Colleague: 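My questions all concern the structure below.
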Amino acid sequence: MRKFTLLFGICFLIFSFDSVTEHTKSYPQDYFRSPVNHPIRLSGTFGELRPNHFHAGIDIKTKNGGVGDPLFSVADGFVARIKVQAGGYGNCLYIKHPNGYTSVYAHMHEFSKELADFVKMKQYEQRSFSVDLYPNVGQFQFKKGDQIGKLGNSGSSQGPHLHFEIRDSRTQKPINPLLFGFPMADSRAPRMHQLKVYNLNDKRETIGTRTYNLTQNGRKYKIKGDTLTINAWRAGFGLKVYDHHDHVTNWNGIYKLEMKTDDLVVFDFDMETFSFNETRYLNAHIDHKERVTKKAYFNRCYTLPGNRLSIYNENVNQGVVTLHKGKPAKITMTASDVDGNESTLEFWVKRGDVTTPEPKSYNYALKQSEDNMIQTDQLYLNIPRGALYENLYMKYETSAEVSSNYYSNVHHIQDYKTPVHRYFEIGIKPTKTIPENLKNKAFVAYCDRNNVVYNAGGNWKNGRLHAKVRSLGDYCIMTDDVAPTITPISFRNDMRGRNKMSFKITDNYRTTGRAKGLSFKATVDGQWILLEHDAKKNLVFHRFDDRIKAGEHQLKLIVEDNRGNRKVYERKFLR
């Protein structure tokens, strides 16, 4: 059971400990109001399984599908932080409350006027669109129900909505907002779709799998037949299951999943809270191969050796079920939501004839618990301890590439189906001479399964080009001497009567690993101006204010990629 000690200044507030569920403590149920004025309907739940992370809040739908719904402070408090960025949470506001919690409002369309003016002033001071600001305590205060801005679609949002969080102010750990009594209609139980069985050896390594479709009878689920015969000494299980709410069609994440063996709880997790520094362990919690190949999310009901998540309440024998021949064991899985709606799957398992698996074909055996370094004449790899979730029997080979822009062999390092938790270092040696004028344009190239090339950056060291990356797959050396492109979207010589100018900026390669994307800068008559950035649309735009007076002006826009290729756009315009 996780415990929370909430500290605000020198005041200690002790909450009651009436149980919400078996594994969760209660949170104040009437302290916070809704951040919107319309009914709360969710397109995303807390802890929902997402690519490379758990969802850290709830996604509240708009009233009519567009931006602009007013947003309100859920309680009295002061602004502790304001962050603006092109991706991620976009326009994001943090309000600290005197009861020890902080509310977070992400993807906002705009802030209230006093906050917007403050942000703009700081952006001009720092000469940067992206800012991370911490106003003085009490500088901006809101009462419960005060409007703080408007709902939007900024940052990495894929549609208008409010991403809303509640965090422990002391630890900054997000807590499931639905545990705080926000009203939401939900009478529907989670829906189970498929069961996956993992045949395991004594190292919890997978030696075989099989997936079973489930049939439904109300809130009860079953597999075809009564008993599964598994040809292994040990088994692990995974469940594809989603939650559903009233009045929406979204497939959201569940709150809790419990597994029993012969009516004893052996595995149990809930989505009450987690820390941001552990969220990428999602790739150990799910079946990563199923996600990247089929876009299917299976919750593992056993833990991989490198899984360091804190969400597990019970984890007997790491969730692995020991199988006995002639002695079936009953497995019961129960999935539930915050409101206590439950669905149950029950089946039996027994051991069949254990067969010796086919030997694996591999070049290197990498241990999850150790640093792993590989060095050949052409390749350097340094995969640190903890970068893998389980031991990896890695296949590695090279192939020649005769295209003109390739300066090394292509190194096939395992494949994209194997997740990596931490960045690792790769160094590649050229196999043909790179012209001197292109040496600083060379980059480590990652080619994905759709043959899309990504720029991972790179620095020369001991005759190799090195980069930090976080994906296994195909790598080589390529060069980029092509400048980015600038396309006017809303710009012409006569800008009188227009409230903004906008441009699309693109590059020939997207970036990956720790490589930086495009940078940009704009001036009017030699003076820096603020360009807002919408990364998902590749747009930059300037909203006119009284800084640019009526008359003729000279615009200069510079866009540069991480290999130093630069595009300059200069034009005169009337304002």
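Please read these numbers as outputs of a predicted model, since none were measured by experiment.
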Colleague: Quick check: does any side chain N or O of Arg167 sit under 3.5 Å from a backbone N or O of Thr102, one acting as donor and the other as acceptor?
Modeller: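 Answer holds: no.
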Colleague: Side chain of Tyr297, backbone of Ile286: donor and acceptor closer than 3.5 Å?
Modeller: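 Pair absent, no side-chain N/O of Tyr297 close to backbone of Ile286.
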Colleague: Please report the closest heavy-atom contact between Phe424 and Asn382, naming both atoms and the distance.
Modeller: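 Scanning both residues, the minimum pair turns out to be CB-O, 3.3 Å.
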Colleague: Write down the atom of Asp474, the atom of His412, and the distance for their closest heavy-atom approach.
Modeller: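 It is OD1-ND1, 2.9 Å.
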Colleague: Within the distance-only criterion (no hydrogens, no angle test), does the side chain of His107 pair as donor or acceptor with the backbone N or O of Ser154 below 3.5 angstrom?
Modeller: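 The answer is yes, because a donor-acceptor pair under 3.5 Å joins these two groups.
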Colleague: I need the minimum non-hydrogen distance between Pro135 and Ile82, along with the two atoms involved.
Modeller: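 Heavy atoms only, the tightest pair is CG-CD1, 4.2 Å.
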Colleague: Go through the side-chain N and O atoms of Asn299 and His285 and say whether any donor and acceptor fall under 3.5 Å apart.
Modeller: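 Short answer, yes.
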Colleague: Taking the six-membered ring for Trp, are Phe274 and Phe46 closer than 6.0 Å centroid to centroid?
Modeller: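 Yes: the rings meet the under 6.0 Å criterion.
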Colleague: Go through the steps to decide whether Lys439 and Glu436 satisfy the test salt bridge (charged side-chain N to carboxylate O under 4.0 Å, His left out), and finish with yes or no.
Modeller: CA-CA 5 Å; Lys439 201 78 179 288; Glu436 197 59 36; 5.2 Å; no
Colleague: Is a side-chain N or O of Ser169 found less than 3.5 angstrom from the main chain of Tyr101, in a donor-acceptor match?
Modeller: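 Side chain of Ser169 to backbone of Tyr101: a pair is present.
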Colleague: Specify whether Tyr364 and Tyr396 have parallel, tilted or perpendicular ring planes, treating 30° as the upper limit for parallel and 60° as the lower limit for perpendicular.
Modeller: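 Tilted.
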Colleague: Taking His55 for its side chain and His53 for its backbone only, find out whether a donor-acceptor pair lies under 3.5 Å.
Modeller: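 Here the side-chain-to-backbone pair does not exist.
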Colleague: Determine, for Phe541 and Lys500, whether the Lys NZ or Arg CZ falls below 6.0 Å from the six-membered ring centre while staying within 45 degrees of the axis.
Modeller: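 Yes; both conditions hold, so Lys500 lies above the ring face of Phe541.
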Colleague: Do Phe443 and Tyr509 have ring centroids that are under 6.0 Å from one another?
Modeller: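 Yes, close enough.
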Colleague: May I ask you to decide if the ring planes of Phe267 and Tyr312 are parallel, tilted or perpendicular, using 30° and 60° as cut-offs?
Modeller: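 The arrangement is tilted - the two ring planes meet at 30° to 60°.
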Colleague: Donor-acceptor check, side chain of Lys441 to backbone of Arg563, threshold 3.5 angstrom: yes or no?
Modeller: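 Looks like yes, one N/O pair under 3.5 Å.
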Colleague: In terms of ring plane angle, is the pair Phe491 and Phe503 parallel, tilted or perpendicular, where the classes change at 30° and 60°?
Modeller: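 Tilted, since the angle between the ring planes falls between 30° and 60°.
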Colleague: Are Arg571 and Tyr569 in a cation-pi contact, defined as NZ or CZ under 6.0 Å from the six-membered ring centre and within 45° of the axis?
Modeller: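 Yes, cation above the ring, under 6.0 Å and within 45°.
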Colleague: I'd like to know if the side chain of Arg422 reaches the main chain of Arg385, judged simply by a donor and an acceptor atom lying under 3.5 Å from each other, with no hydrogens or angles considered.
Modeller: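 At least one qualifying donor-acceptor pair exists.
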Colleague: Do Trp528 and Leu530 come within less than 4.5 Å of each other through their side chains, counting heavy atoms only?
Modeller: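 Side chain of Trp528 against side chain of Leu530, heavy atoms only: contact under 4.5 Å found.
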Colleague: Does a donor on one side chain and an acceptor on the other come within less than 3.5 Å for Asn565 and Asp481?
Modeller: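 Result is no, nothing qualifies.
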Colleague: Which atom names give the shortest non-hydrogen contact between Gly463 and Pro430, and what distance separates them?
Modeller: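 Answer, listing the atom of Gly463 first, then Pro430: O-CD, 3.5 Å.
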Colleague: Hey, can you tell me if Phe129 and His533 have their rings parallel, tilted or perpendicular (30° and 60° cut-offs)?
Modeller: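 The arrangement is perpendicular - the two ring planes meet at more than 60°.
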Colleague: Under 4.0 Å between a side-chain nitrogen and a carboxylate oxygen: does that hold for Arg543 and Glu532?
Modeller: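 Here Arg543 pairs with Glu532 in a salt bridge, since their nearest N and O are under 4.0 Å apart.
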Colleague: Do the side chain of Gln414 and the main chain of Lys395 share a donor and acceptor less than 3.5 angstrom apart?
Modeller: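 Pair found, side chain donor or acceptor close to backbone of Lys395.
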Colleague: My understanding is that only residues two or more places apart in sequence, or in another chain, count here; which of them pass ring pair (Phe, Tyr, Trp, His ring centres under 6.0 Å) with Phe164?
Modeller: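 Expected list: Tyr105, Phe182.
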Colleague: With side chains defined as the heavy atoms from C-beta onward, is the minimum distance between Met394 and Ile413 less than 4.5 Å?
Modeller: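 Yes, their side chains come closer than 4.5 Å.
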Colleague: Of all the heavy-atom pairs spanning Lys504 and Lys537, show the shortest one and how long it is.
Modeller: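 Taking Lys504 first and Lys537 second, the nearest heavy atoms are CE-O, 4.2 Å.
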Colleague: Testing the basics here: between Lys96 and Ala80, what is the closest heavy-atom pair and its distance to 0.1 Å?
Modeller: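 Minimum heavy-atom contact is CB-CB, 4.0 Å.
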Colleague: Is a donor on one side and an acceptor on the other found under 3.5 Å between the side chain of Glu278 and the backbone of Ser310?
Modeller: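 Side chain of Glu278 to backbone of Ser310, a donor-acceptor pair under 3.5 Å: yes, one is there.
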Colleague: So, the side chain of Thr209 versus the backbone of Val197: is there a donor-acceptor pair under 3.5 Å, distance only?
Modeller: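 No, the answer is negative, given that no donor and acceptor are paired below the 3.5 Å cut-off.
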Colleague: Between the side chains of Asp202 and Arg234, is the shortest nitrogen-to-carboxylate-oxygen separation below 4.0 Å, so that they form an ion pair?
Modeller: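 Asp202 and Arg234: not salt-bridged.
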Colleague: Name each donor-acceptor pair under 3.5 Å that joins a side chain in residues 444-452 to protein atoms two or more places apart or in another chain, with its distance.
Modeller:
from	atom 1	to	atom 2	distance (Å)
Asp448	OD1	Asn450	N	2.9
Asp448	OD1	Asn451	N	3.1
Asp448	OD1	Val452	N	2.8
Arg449	NH1	Val292	O	2.6
Arg449	NH2	Val292	O	2.6

Colleague: Looking at the rings of His288 and Tyr389, which for Trp means the six-membered one, are their centres under 6.0 Å apart?
Modeller: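 Centroid distance His288-Tyr389: not below 6.0 Å, so no.
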